[in-house]
Each structure stands twice: as structure tokens, then as C-alpha cells.
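I have placed the structure first, in the form of C-alpha cells, so that the comments after it can refer back to it.
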There are 2 protein chains.
Amino acid sequence: MGSAGEGVDARVRMWAPACQAVALLLGPYAEVVLHDPDTDRILAIWNSMSSRGPGDPSLLGELDTLDPSARDVFGPYEKLLADGRRLSSVSAVLRDEAGKASAVLCVNLDRTPLEQAAAVLSAFGAPTVPRPEPLFEQDWSERVQHIVGAYVRECGRPVERLTRQDRLAVLADLDEAKVFAVRRATPVVAGALRVSRSTLYGLLAELRAANAKDQTS
Amino acid sequence: MGSAGEGVDARVRMWAPACQAVALLLGPYAEVVLHDPDTDRILAIWNSMSSRGPGDPSLLGELDTLDPSARDVFGPYEKLLADGRRLSSVSAVLRDEAGKASAVLCVNLDRTPLEQAAAVLSAFGAPTVPRPEPLFEQDWSERVQHIVGAYVRECGRPVERLTRQDRLAVLADLDEAKVFAVRRATPVVAGALRVSRSTLYGLLAELRAANAKDQTS
DNA sequence: TCCAATATGGACATAAAGTCCAACGCATGG
DNA sequence: CCATGCGTTGGACTTTATGTCCATATTGGA
């Protein structure tokens, strides 16, 4: 991972201080990621929350980085993690003097600690009433659409043109969100990702293999 | 406190109940102080956190106690104690019928416990350790337990003694909560309801029939 | 264009989900 | 005490959904 000595990427050199500052400011609960829009890989990452590292495939596809008229700042949008943690996520296209998109910055903030702290503080002195259970996710296929949609929005590319890596990443999100614990979810996901059932299972297997490797390392 | 009979200051007599109530409500972490604005000394103190006592000099800043048009409530301010504890502090000018400032009330709340609580809660979600998967799979089964438990508590009968109607009702709740949209949920529910798989399906069919009848009516 | 990597449809295997039924337990009333 | 009715139960069985595998088609890049 760390620079083989021959030098840190110029873009990282340029943006690292800003990224690091943000990462420091937001404590251990914000993940700051610099993506390379060309190679679709992570350039650098601070406070990684998802065990990703530099060189790993980005969660970004090719953003619409060529059109200078396109928006450069996205979000904040909400991401839902499996364990219920809610992330606020923003991203920005970083351009060089020539206006070329040289990097994409993403900041993912885990709102949970704040929400918990707020809950504690607001509950102070008040009789703690048993909170009425929130109902089960009413429409889980909506969640699928949401996760896929978020990704697509993030990389600015329609579902049909997602790369293999893209789909793998989305799949990781979906798996993380325990979507596959729901009955009949597989065909829906396959449909949402515009792949066949076979391919879906193939990607899923690949994902599991990768996770297993992560475990052992 | 020790009240030598007639020796208690009239102002203390008047305000003590309120002060004591506040002191009690806010537990051991709030200090309530009654100051004498004339002598600039402490009249009375509850839950003293700084080993001050009645008669000790007040450490009040210059509150404008003479101008009746001035604000009478101040704060909350942050105060820093010698040992590093941070206090949230409010004060109020207490006036008699004539409008003369007869006392100054201060409440100092030690924020440390709350901050610690927040830290504890934050720390829970913080170590992004690979969560033992079976734990999370249990998430929805916990919900089953919760729904069943709620019903049992409501009707005061243990699960074993539920009537058919009871189970039907619980089942309706569970179905409402979309529990059966989860893979492998059926055996868990059957277990939670202490019935066999067969019975479970029987009840479920009955439920569906009832619902269908509702629709048509 | 050709090659290599992927995607795909469908056959197949396995595992859940759901149905059905004969036997059983257990109250109630004769 | 037995007969009867009602609900439960285990297990056989059917139907769907899941997951694997592979030969073939497709696609993107040198």
C-alpha cells in the first residue's frame, strides 16, 4: 500500500492536507477517501471504515468528470449500513487548473455516535419510555433501489454501463445491508443490477471469496 | 441544614425548597448555590462540588443586581473546574416583592457524566471490528422475541399458556412486521410461539383466510 | 480480426417453504 | 369410564426458491 518510495501521487500530495484535516476534525467517525476517476481506484484513504485501502477499486465509476457544466458536489445523501449505522455521505470532483477532473473526494460520516449521544442527552432527567419498535423495513426492494441508485448517482453512470467492479461494489453494499436475508431478493437484485441470475451468483461467489481472504489476512 | 432554630436566613427559608428540589432532580452532579448579593457570600449550598460552604465568599462575577430592567437569568455558561471537570452553569437573580435582588441562585451541572455516557455509546459503534455474523443474523429473530414478548406481557400469560386466539393475534403482529419476508424465519417463529411447524402453517392459513374475508366485506 | 475475459440460459442439485393427513392428547359431557 | 370434538403433532410429500455447473454466446481490447 504505502508509496514504494518513488513518490506519492501528485494529486495526493496536493489534497492530502485537506483530507487529513477533515479526517482529524471529524474524529474517528468520518472516512475520507480520494478516488482516481481514471483508474477507478482509491488513491488514499483516511480513517477507513470499510477496510478499503489505496489501490482498491473505488466505489466510484467514472464520474461525469468530463463535463465541466456538470455538478461537482454531490450529496449529502444517506447510506444505511447493515447494523443500522447511518452515514452521511458527500462527494466532490476535484479539478486541476485546466479544469480536468483529477480526483474525487468522498467523505462518509457515521452519524450514529452523535445520534446516540443526542439521545442520551435529550433523555436526561426524563422518564425513559419504552420506545415503540420501528416496523420492519416495509419495502426492502425499495432499499435495493436506493442502494443501487446511490451508487449510480455517485458514479454518474446508468446501471447498464456499470463495470464488473462496480457491480461487485454495489453487491457488497447490498450484502452488507443484509438484503439477501430477505426471501426472493435474488431475482430482484439481479434485475436491479441488470445481470442474469447466473452472473449474480458468480459475482456473489467472488465477493465471498474476497471477504474470506480479508478475514485470513 | 443544621438550622439553629430561628437562625435561618429568611431568604434561605424561602428558596431552599426550590433549590433542594433542583439538587435532588439533577442527582449528585449538580450543585445548587444561593448567594447573597450584598455580602457576596454563599447563603446556602446543596451538593457542594467544590467544598465550599455557607459563608464562603461567592465567586460571582459582577451580576447587575441593581438594575431591575436588566436580565435576571444568565447562562448557561461553561465553567472549568480545577480538576478539569466542565460545568454548565446558570444563574438567576431572585427578587423580593419590592423588586430588590435578595439572592442569586446558581446551578452548576457537571457535564462530565453526560460526556462520558456519550463517549461510551460512541465507542460501542466505533471499533469497526468484523462483527460476528451470527450475531447480526439474530437481529430479526430478536424482533420476533420482542413482539411475542410484548403480547405475553400484555395478557399476562406465559407463551406456553397462550390460547389459539392469542397465537393468532401474535401471528398477525408478526406478519404485519413482515417477519415472514425473511428467509428461515418460519422455524424461528414456530419455536418462539412454542408450536410445531405444522400448527404454525395452520394458524397462518387461518389468518390469511380471515384477512381475505376482511377484504371482501 | 482474434483472444481472453465475462455474461448468459438452462440443466441440474439442494434446500427451504408449504400441504396434507393419520395418529395423538386432552378436555367435556354422558 | 368412555365417547366425542377440537386442536396439535410428526412426518411424508409437493412445490418453490436457492445455489452450482457448464457449454455457448457476447463483448471489449490488442
Side-chain angles (χ1 to χ4, degrees), chain A residues 37-41 57-58 61-62 66 136 140-141 144 148 151-152 155 157-172 174-212, chain B residues 133-134 137-141 144 148 151-152 155 157-172 174-212:
Chain A
D38 300 323
T39 66
D40 224 10
R41 287 177 177 280
S58 284
E62 295 171 6
L66 296 178
F136 219 65
W140 53 268
S141 71
V144 172
V148 175
Y151 189 94
V152 165
C155 75
R157 197 158 26 162
V159 191
E160 290 85 356
R161 299 215 196 83
L162 291 182
T163 73
R164 180 183 185 76
Q165 290 306 312
D166 288 333
R167 292 184 219 272
L168 227 29
V170 180
L171 224 39
L174 289 168
D175 197 28
E176 188 75 13
K178 296 302 175 211
V179 163
F180 297 107
V182 175
R183 295 181 59 184
R184 299 179 186 81
T186 336
V188 173
V189 171
L193 243 43
R194 305 293 160 81
V195 292
S196 72
R197 215 173 62 96
S198 307
T199 306
L200 203 255
Y201 280 115
L203 293 168
L204 226 33
E206 199 169 325
L207 188 69
R208 268 183 255 123
N211 285 341
Chain B
E133 271 314 306
E137 279 300 312
Q138 238 166 276
D139 183 44
W140 55 268
S141 70
V144 172
V148 175
Y151 191 95
V152 165
C155 73
R157 263 167 298 184
V159 193
E160 290 84 355
R161 307 255 188 296
L162 291 182
T163 74
R164 181 183 185 76
Q165 289 308 313
D166 288 333
R167 290 182 219 273
L168 227 29
V170 180
L171 224 38
L174 289 166
D175 197 29
E176 189 71 16
K178 298 289 183 245
V179 163
F180 296 106
V182 175
R183 294 182 61 183
R184 296 177 188 82
T186 337
V188 174
V189 171
L193 244 42
R194 305 292 211 277
V195 291
S196 72
R197 215 172 61 96
S198 308
T199 306
L200 202 255
Y201 279 115
L203 294 168
L204 226 34
E206 201 169 322
L207 188 70
R208 267 182 256 124
N211 283 343

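Every chain is numbered from 1 and lettered A, B, ... according to where its sequence line falls, protein lines coming before strand lines.
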(request) Please name the residue in the list Asp166(A), Val189(A), Val148(A) that meets the side-chain contact (heavy atoms from CB on, under 4.5 Å) test with Leu171(A). (result) Val189(A)
(request) Provide the closest heavy-atom pair for Leu193(A) versus Arg167(A) in the form atom of the first, atom of the second, distance. (result) O-NH1, 2.5 Å
(request) Select from Leu200(A) and Arg183(A) the residue whose nearest nucleotide in DNA chain C is closer to the 5' end of that strand. (result) Leu200(A)
(request) Report the distance from atom CZ of Arg184(A) to atom P of dT16(D), rounded to the nearest whole Å. (result) 11 Å
(message) Let me confirm one number: the CG-OH distance from Leu162(B) to Tyr151(B), rounded to the nearest 0.5 Å.
(response) 7.0 Å
(message) With a 3.5 Å cut-off and heavy atoms only, can you find an N or O donor on one side and an acceptor on the other between the side chain of Arg197(A) and the base of dG19(D)?
(response) yes
(request) Return the value, rounded to whole Å, for the distance between atom CG of Leu162(A) and atom P of dA7(C). (result) 12 Å
(message) The side chain of Ser198(A) is closest to which nucleotide in this list: dG10(D), dG10(C), dT20(D)?
(response) dG10(C)
(request) Can you tell me the distance, in whole Å, between the CG atom of Leu168(A) and the P atom of dT6(C)? (result) 10 Å
(message) In this structure, how many angstroms lie between the P atom of dT6(C) and the CD atom of Glu206(A), rounded?
(response) 7 Å
(request) Please round to the nearest 0.5 Å and tell me the distance separating atom CG of Leu203(B) and atom CG of Leu174(B). (result) 11.5 Å
(message) By nearest atom, which of the nucleotides dT8(C), dA7(C), dA17(C) is closest to the Thr186(B) side chain?
(response) dA17(C)
(request) Using whole Å, report how far CZ of Arg164(B) lies from C1' of dA27(C). (result) 15 Å
(message) Just the rounded figure in Å: distance from P of dG19(D) to CG of Leu204(A).
(response) 8 Å
(message) In whole Å, I'd like the distance from the CG atom of Leu193(B) to the P atom of dG7(D).
(response) 16 Å
(request) Consider the side chain of Tyr201(B), meaning its heavy atoms from C-beta on, and name the nucleotide among dT18(D), dA17(C), dG9(C) that approaches it most closely. (result) dA17(C)
(message) Let me confirm one number: the CG-CZ distance from Leu200(B) to Arg194(B), rounded to the nearest 0.5 Å.
(response) 13.5 Å
(message) Distance check needed: dT6(C) P versus Leu171(A) CG, whole Å only.
(response) 15 Å
(message) Taking 4.0 Å as the cut-off, does a side-chain nitrogen or oxygen of Thr199(A) come that near to OP1 or OP2 on dA7(C)?
(response) no
